[in-house]
Asks: 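Following this message is one structure expressed as structure tokens.
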Protein chains: 2
Amino acid sequence: MSNSRVNVRWVAEQAGVSPATVSRVSRGSAQVSPELRERVLRVIEEHGYRPNHFGRALAERRHGALGLVFPGLSGPYFSELIQGFESEALATGDQVLLLSSHYSADTDDKVLDLAARVDGMAIHAGTVSDAVVEQVSQQIRVVVMADKAGPAHASVSTDNSTVGTLTRHLLVDHGYRRLAFVGTPEGSPDVTARWEAFLAAHREAGAVPPAGPTLVALAQADGAIAAQKLFDESDARPDAVVCANDETALGLILGALGRGLRVPGDVAVTGFDDMPMAALVRPGLTTVRQPVRELATTTAQLLHAPLTQQDGDTVLDTDVVLRGSCGCQDSSGGPTTHRSSAGGDS
Amino acid sequence: MSNSRVNVRWVAEQAGVSPATVSRVSRGSAQVSPELRERVLRVIEEHGYRPNHFGRALAERRHGALGLVFPGLSGPYFSELIQGFESEALATGDQVLLLSSHYSADTDDKVLDLAARVDGMAIHAGTVSDAVVEQVSQQIRVVVMADKAGPAHASVSTDNSTVGTLTRHLLVDHGYRRLAFVGTPEGSPDVTARWEAFLAAHREAGAVPPAGPTLVALAQADGAIAAQKLFDESDARPDAVVCANDETALGLILGALGRGLRVPGDVAVTGFDDMPMAALVRPGLTTVRQPVRELATTTAQLLHAPLTQQDGDTVLDTDVVLRGSCGCQDSSGGPTTHRSSAGGDS
DNA sequence: TAAGTTTCTGAAACCGGTTTCCTGACCGGT
DNA sequence: ACCGGTCAGGAAACCGGTTTCAGAAACTTA
């Protein structure tokens, strides 16, 4: 801490002016005569003075920081989410404070701590109890991601109903009869909505859905576990598998190939996310593209906006991306996309 | 902001005591008579008073936060890094401020901003200029990750020389003659050290190394690109490929399989990291296990430790993990590991 | 030249806690 | 009854900025 003694008053003294003038110069808030400004700037430059963040924050009554609460980092979804959020926040001059819940019990308390040091907080679904979200919403601006809005906070999510379109494609266009769904609805509004869209599409098509989803988590390794459940331990192998995200889909494909099954010949597979790898594997992964980065940046923008706005739910459009893994012709030219019909703000 | 008016003085007034007493109760720093403590606690409880972070930080002259600077989030390496760091920091009561450089030019300035709001900063290799690292080191405690220490800051890294052991295994034990190396040394001390270990092993074994590395980045998609370069555009296909990390190795394997090549029959592949997926693919990926989480937690611990310690370089041990992709028998029972000989602190 | 504006600057109050310093009460001991 | 010692708790200073307020100086305008 070489320069722990350089504060406004000290700089003011060196430059022969008042602390007020130093403040005015350092933040450029008001007119200062060229001569004094010059004197002050020289001292600032010379001693590398940077206004103490706390003094400033205390006086301004704002933190200049946003909080981001998410369950844990696994895979490209959360990576993209964090990057997008961080990038947008920095663009508007805000710092980002991170809180990973790790699904642990004392997260609620940590969130309340965090609420005391940020101007706004983005909370991903499945991390903290509704009661705490509510409580925090009353202190600072809160936006929840991938969930519904509440009385005092807005939300941003993506349109999961497109899984219905995808399921209909498998049932109707390709004529698959025994579909499986890989993912755990409980604790994730996203997976819940996808599972429900999967069921709804079966109803509409007059097809019989599986008794329940194949319950695994969302990492690539979980796809390998699902492969074991579906291909080794099950008596009737499905002819198409709808996965809750791309990672499990890739894990599942690797598991299928490892067992000598052809994809999509013996089993068709679809994902959700359209992560970069989805276009690179062979066959290409049929999936739903969701704008994760936009999800994050929109969230950050809402947090930065004035508190007066009451935004409700923002739902971002998603697209079906048809590649080879569902049985379609895998054209290396741009894949066919079906735009979902989700509206903007509700 | 329902409770923006609840501060020490207000609570003090409500409880009929002085602000000093409220402070003493809220932080439990000194003896307060049971009766007053009770009165104060009731008011605190009732109105959900939480001491303003800035007031406290300003008075205590510490931020209660650590900064983490890294290039970008791609893949499990950085995910694990952030999680480990965040987890350790929270355990000691520190918050985490995130700064992702995105390889952009104005990172240096952002880092200096960040330095003004944290007690210590972890900087990953390849994010900011040495000069800035040096400058920040003079203000706060700095630990660099995956690089060497400097005059004023410590470092934590992992032992990359194990790539030499792995390369020797390919050359000597398996007898491969044409090896390739996938990764870009420039800008990454880790990849540089791995490439050098790769070259050194060739020299020791009297083998001829490739003219240069196959230059791609570290994401899974880059492995697919490397596959194109090595299998489609090259005249002499290598019989073994050493990848700078597991992600590119997996991308490369997918690329090889997609071209009808057998792994390891036609081409052997190795990685670095031992990410979870490495054990799940078939054949299992031969790789080097590095303790990423320990790298992160050690870094956080060093930052939390008193400033007086001069730690220099900490190098964490890494292990060769032999699975099927190099041509070894892929025993599903625990893989053989060769422990590296790296010391602890230097 | 007098009156009215505008522009610049410093003194002082304030943001919300923490901590030092000091007073007054209470204790046991002689 | 008097004295030294301990302890609880309040007044005030301080952490490092920002901002309001008011006064002084410079410049217009009549």
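All values below come from the heavy atoms of this structure, side chains included, with hydrogens, waters and symmetry mates left out. Just so we're clear, the structure is a prediction, and the values are computed from it rather than from any experiment. Here is how names work: the chains are called A, B, and so on, in the same order as the sequence lines, proteins then strands, and each is numbered from 1.
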Asks: Does D/dG16 have OP1 or OP2 sitting under 4.0 Å from an N or O in the side chain of A/N52?
Replies: no

Asks: Among C/dT18, C/dG17, C/dG10, find the nucleotide with the atom closest to the side chain of B/E60.
Replies: C/dT18

Asks: Could you please name the option among C/dC8, D/dG9, D/dC15 that lies closest to any side-chain atom of B/S33?
Replies: D/dG9

Asks: Does a distance-only test, which skips hydrogens and angles, find a donor-acceptor pair under 3.5 Å between the side chain of B/R9 and the base of C/dG16?
Replies: yes

Asks: At less than 4.0 Å, is any side-chain N or O atom of A/S26 found next to OP1 or OP2 of D/dG17? Yes or no.
Replies: no

Asks: CG of A/N7 versus C1' of D/dT18: gap in Å, rounded?
Replies: 14 Å

Asks: Quick one: list whatever passes side chain to side chain donor-acceptor pair (under 3.5 Å) with A/R27, sequence neighbours left out.
Replies: A/E60

Asks: To the nearest Å, how far apart are B/R50 CZ and C/dG17 P?
Replies: 12 Å

Asks: How long is the line joining CH2 of A/W10 and C1' of D/dG16, in whole Å?
Replies: 15 Å

Asks: C/dC15 phosphate, OP1 or OP2: any side-chain N/O from A/R62 under 4.0 angstrom?
Replies: no

Asks: What's the closest nucleotide to the A/V32 side chain, out of C/dG16, C/dT9, C/dT18?
Replies: C/dT9

Asks: Can you check the A/Y49 OH to D/dG16 P distance for me, whole Å?
Replies: 10 Å

Asks: Taking only N and O in the side chain of B/S23, is any of them less than 4.0 Å away from OP1 or OP2 of C/dT19?
Replies: no

Asks: So A/Y77 and A/H124, would you call those rings parallel, tilted or perpendicular, with 30° and 60° as cut-offs?
Replies: perpendicular

Asks: I'd like to know if the side chain of A/T297 reaches the main chain of A/R293, judged simply by a donor and an acceptor atom lying under 3.5 Å from each other, with no hydrogens or angles considered.
Replies: yes

Asks: Report yes if at least one side-chain N or O of B/T21 is closer than 4.0 Å to OP1 or OP2 of D/dG10; otherwise report no.
Replies: yes

Asks: Report the distance from atom NE2 of A/H304 to atom CG of A/D119, rounding to the nearest 0.5 Å.
Replies: 9.0 Å

Asks: For B/E134, what residues pass the salt bridge (Lys or Arg N to Asp or Glu O under 4.0 Å) criterion, not counting sequence neighbours?
Replies: none

Asks: How is B/V22 classified with respect to the nucleic acid when contacts are heavy atoms under 4.0 Å: base, sugar-phosphate, or nothing?
Replies: nothing

Asks: Do the side chain of B/R56 and the base of C/dG16 come within less than 3.5 angstrom through a donor-acceptor pair of N or O atoms?
Replies: no

Asks: Can you spot which of B/V136, B/L303, B/L66 makes a side-chain contact (heavy atoms from CB on, under 4.5 Å) with B/R141?
Replies: B/L303

Asks: What is the distance from CZ of B/F54 to C1' of D/dG16, rounded to the nearest Å?
Replies: 13 Å

Asks: Please figure out whether A/Q31 or A/P19 has its closest DNA chain C nucleotide nearer the 5' end.
Replies: A/Q31

Asks: Find the distance A/H53:NE2 to C/dC15:C1' and express it as a whole number of Å.
Replies: 14 Å

Asks: Report the distance from atom CZ of A/R39 to atom C1' of C/dG10, rounded to the nearest whole Å.
Replies: 13 Å

Asks: Check every atom of D/dG10, C/dA11, D/dT18 against the side chain of A/V8 and return the nucleotide holding the closest atom.
Replies: D/dT18

Asks: Quick one: which of D/dA11, C/dT18, D/dG17 gets closest to the side chain of B/A59?
Replies: C/dT18

Asks: Angle between ring planes, A/F54 versus B/H53, binned at 30° and 60°: parallel, tilted or perpendicular?
Replies: perpendicular

Asks: Return no unless some side-chain N or O of B/R61 is found under 4.0 Å from OP1 or OP2 of D/dG16.
Replies: yes

Asks: Given A/Q95, which partner from the list B/V118, B/L97, B/L98 fulfils the side-chain contact (heavy atoms from CB on, under 4.5 Å) test?
Replies: B/L97

Asks: Tell me: CG of A/L58 to P of C/dC14, nearest whole Å?
Replies: 14 Å

Asks: Which nucleotides of nucleotides 21-28 of chain C have their base under 4.0 Å from a protein heavy atom (B), which only their sugar-phosphate (S), and which neither (-), written as one string 5' to 3'?
Replies: --------

